[in-house]
Visitor: 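What follows is a structure written as structure tokens; I'll ask about it next.
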2 protein chains.
Amino acid sequence: MQRTRGRAPTGGRAGALSREVIVGAAVALLDERGERGLTFRLLAKQLNTGPGALYWHVTNKDELVALAADQVLGDALAAAPRPEEGAAAGSGLRVLATAVFDALDRHPWAASHVNAPATRENALRLLDRIGTLVARTGLPAERHFAISTAISYYITGVSAQIVAPRAPDAPRAPDGAATSRDAYLAHTAERWGELDPVDYPFLTRTTTDLRHHDDRDQFTTGLDLLLEGLNATADPRPPT
Amino acid sequence: MQRTRGRAPTGGRAGALSREVIVGAAVALLDERGERGLTFRLLAKQLNTGPGALYWHVTNKDELVALAADQVLGDALAAAPRPEEGAAAGSGLRVLATAVFDALDRHPWAASHVNAPATRENALRLLDRIGTLVARTGLPAERHFAISTAISYYITGVSAQIVAPRAPDAPRAPDGAATSRDAYLAHTAERWGELDPVDYPFLTRTTTDLRHHDDRDQFTTGLDLLLEGLNATADPRPPT
DNA sequence: ACCTGAACACCGTTCAAGT
DNA sequence: ACCTGAACACCGTTCAAGT
């Protein structure tokens, strides 16, 4: 629960524990083996301690994973340039959103742990940045909160959905042992093709789209729809 | 792995096991105690068997939870009336989306297990219904897949984000022991209020919105933005 | 075909004891 | 203040054995 303070880490024995060191190692382990693969015993061994030592710095596994996810989000925010003063809100939101998506794409376990309503540091920063951009639109102030959180929910929620199958410990398909993304898509495309066109008129004619789609495009398609809706609402077309 | 076939359930001993019975009991247990609270031992005891018996009907816990989530989705689809032939796509999508949100709101553990790309029966039905509605808009056919999946991602992903804190085993806030939703919101609103307005200009002036917001409104706000974007894209305003 | 229940190989977490 | 590591109270899953 306590951070190391006082002496610099190098002042003690090499590789002294600290919350930062533990979270860093946890991120690496999560990337490698997923949420189920992260174990206090394994993490402790990699840090040359016993499992009990970790509990001095971290309350429990939930907190550890939440801290790790927030660190991923922090990297994403650092990568996304703060928009200039005068820049359009829409483009600022777009670069912010895609930066977060890209980070979550590299750390698929993290997306579902970015909590809402925001409490951890970088989740707070993300929502504040979104809100600041939304406030630049012509929308009435009383709608800023609902719209900002909606955008924030879109970013993390949709990213989580898209990216979840990439997690090292994601549950596999009910039948196939398909392992690569292409094989998996080919397999489910085939299943869609075998459905009854009367019951599933849409899916049965969409199998090639499924097979060839790009995950990042999926994210931006919905995002652009959302931002387009924002435009249309901020600057409604005159009634005809 | 096998369904019961042949004799009707009542033909054997009362309360004979079957995949359906197991999934039904799992839903009840998940509602009551959350995903961590669902245990093969506990579930078996409630069904008057040993844990091993369940594995005859279900591959493992991942599959069990996925089946339970798909059942919840099925209930939602049954509740959402199929749109009439001529009805507008937008309104059809809206009733479908809110029906799913409402179901996931009642079963908060389910949202994150509605898988994508869709493979289970009711996830397939949902995406097909969305696609059929999207196909009614004036949008070019080659965009139908991307847009339909984007909407589907919005529905399940954003619902998952909004509804997750409601789950019986959701991780609690880092500091408070707040338990009711109101107490939790009041608590984090207070934390927002204590932030530095220079670093968090938006959040610090938005605490009352946080305190009084409605979760369902959050969902529909983003949904309406998305559908508005759909409108604007399907029927673009003439360039000025 | 379907069920039983003990057993295996783990977990997260605690805590007395050390330095 | 911080670390150690054994111990507790569980898990999911398997499997020989039953009916």
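Chain A is the first sequence line, chain B the second, and so forth, proteins listed ahead of strands; every chain is numbered from 1. What you are looking at is a predicted structure, and each value in this text was computed from that prediction instead of being measured.
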Visitor: What is the distance, to the nearest angstrom, from the NE2 atom on B:His57 to the C1' atom on C:dC3?
Guide: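 In whole Å, C:dC3 C1' lies 8 Å from B:His57 NE2.
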Visitor: Expressed in angstrom and rounded to an integer, what is the separation of A:Asp62 atom CG from C:dC11 atom C1'?
Guide: 14 Å
Visitor: Applying the side chain to side chain contact (heavy atoms under 4.5 Å, CB included) criterion to B:Ser148, which one of B:Thr132, B:Asp128, B:Leu127 satisfies it?
Guide: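 Exactly one pass, corresponding to B:Leu127.
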Visitor: Nearest whole angstrom, please: distance from the C1' of D:dC2 to the CG of A:Leu54.
Guide: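 To the nearest whole Å, that distance equals 12 Å.
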Visitor: Is it true that a side-chain atom of B:Asn115 and a backbone atom of B:Ala118 form a donor plus acceptor pair closer than 3.5 Å?
Guide: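 Not a single qualifying donor-acceptor pair exists.
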Visitor: Which parts of nucleotides 14-19 of chain D does protein reach within less than 4.0 Å, heavy atoms only, written one letter per nucleotide 5' to 3' as B for base, S for sugar-phosphate only and - for none?
Guide: BB----
Visitor: Verify, without hydrogens or angle tests, whether B:Thr207 (side chain) and B:Thr204 (backbone) share a donor-acceptor contact under 3.5 angstrom.
Guide: no
Visitor: To the nearest Å, give me how far apart CG (A:Leu17) and C1' (D:dG5) are.
Guide: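 Spelled out: CG on A:Leu17 to C1' on D:dG5 is 15 Å.
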Visitor: Would you jot down, in residue-number order, the residues of residues 35-45 of chain A having a non-hydrogen atom under 4.0 Å from DNA chain C?
Guide: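 DNA chain C contact set from residues 35-45 of chain A: A:Leu38, A:Thr39, A:Phe40, A:Arg41.
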Visitor: Considering just the side-chain nitrogens and oxygens of B:Trp56, establish if one lies under 4.0 Å of OP1 or OP2 belonging to C:dC3.
Guide: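 Checking C:dC3 against B:Trp56, no side-chain N or O comes under 4.0 Å of OP1 or OP2.
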Visitor: Hey, is CZ on A:Arg82 packed in by over 12 heavy atoms from elsewhere, all under 6.0 Å?
Guide: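 Incorrect, the count does not exceed 12.
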Visitor: Does atom CZ of B:Arg166 have more than 12 heavy-atom neighbours, drawn from other residues, nucleotides or ligands, at distances under 6.0 Å?
Guide: yes
Visitor: Please list, chain by chain and in numerical order, all residues satisfying salt bridge (Lys or Arg N to Asp or Glu O under 4.0 Å) with A:Arg125, sequence neighbours excluded.
Guide: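 A:Arg125: salt bridge (Lys or Arg N to Asp or Glu O under 4.0 Å) contacts with A:Glu121.
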Visitor: Using Watson-Crick and G-U wobble pairs whose two distances are both under 3.5 Å, how do you write the pairing of DNA chain D as dot-bracket, with | for links to another strand?
Guide: ||.|||||...|||||.||
Visitor: Is it true that a side-chain atom of B:Asp70 and a backbone atom of B:Ala123 form a donor plus acceptor pair closer than 3.5 Å?
Guide: yes
Visitor: Mind checking what makes salt bridge (Lys or Arg N to Asp or Glu O under 4.0 Å) contact with B:Arg106, not counting sequence neighbours?
Guide: none
Visitor: Without decimals, in angstroms, what is the distance between B:Lys61 NZ and D:dC11 C1'?
Guide: 8 Å
Visitor: Taking only residues two or more places apart in sequence or in another chain, which ones pass ring pair (Phe, Tyr, Trp, His ring centres under 6.0 Å) with B:Tyr153?
Guide: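 Result, ring pair (Phe, Tyr, Trp, His ring centres under 6.0 Å) vs B:Tyr153: none returned.
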Visitor: Thinking salt bridges, do A:Glu63 and A:Arg19 make one under a 4.0 Å N-O criterion?
Guide: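 Salt bridge between A:Glu63 and A:Arg19, a charged N being under 4.0 Å from a carboxylate O: yes.
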Visitor: Atom CG of B:Asn60 and atom C1' of D:dT13: how far apart are they, to the nearest Å?
Guide: 9 Å
Visitor: Is a salt bridge present between B:Arg211 and B:Glu190, judged by a nitrogen-to-oxygen distance below 4.0 Å?
Guide: no
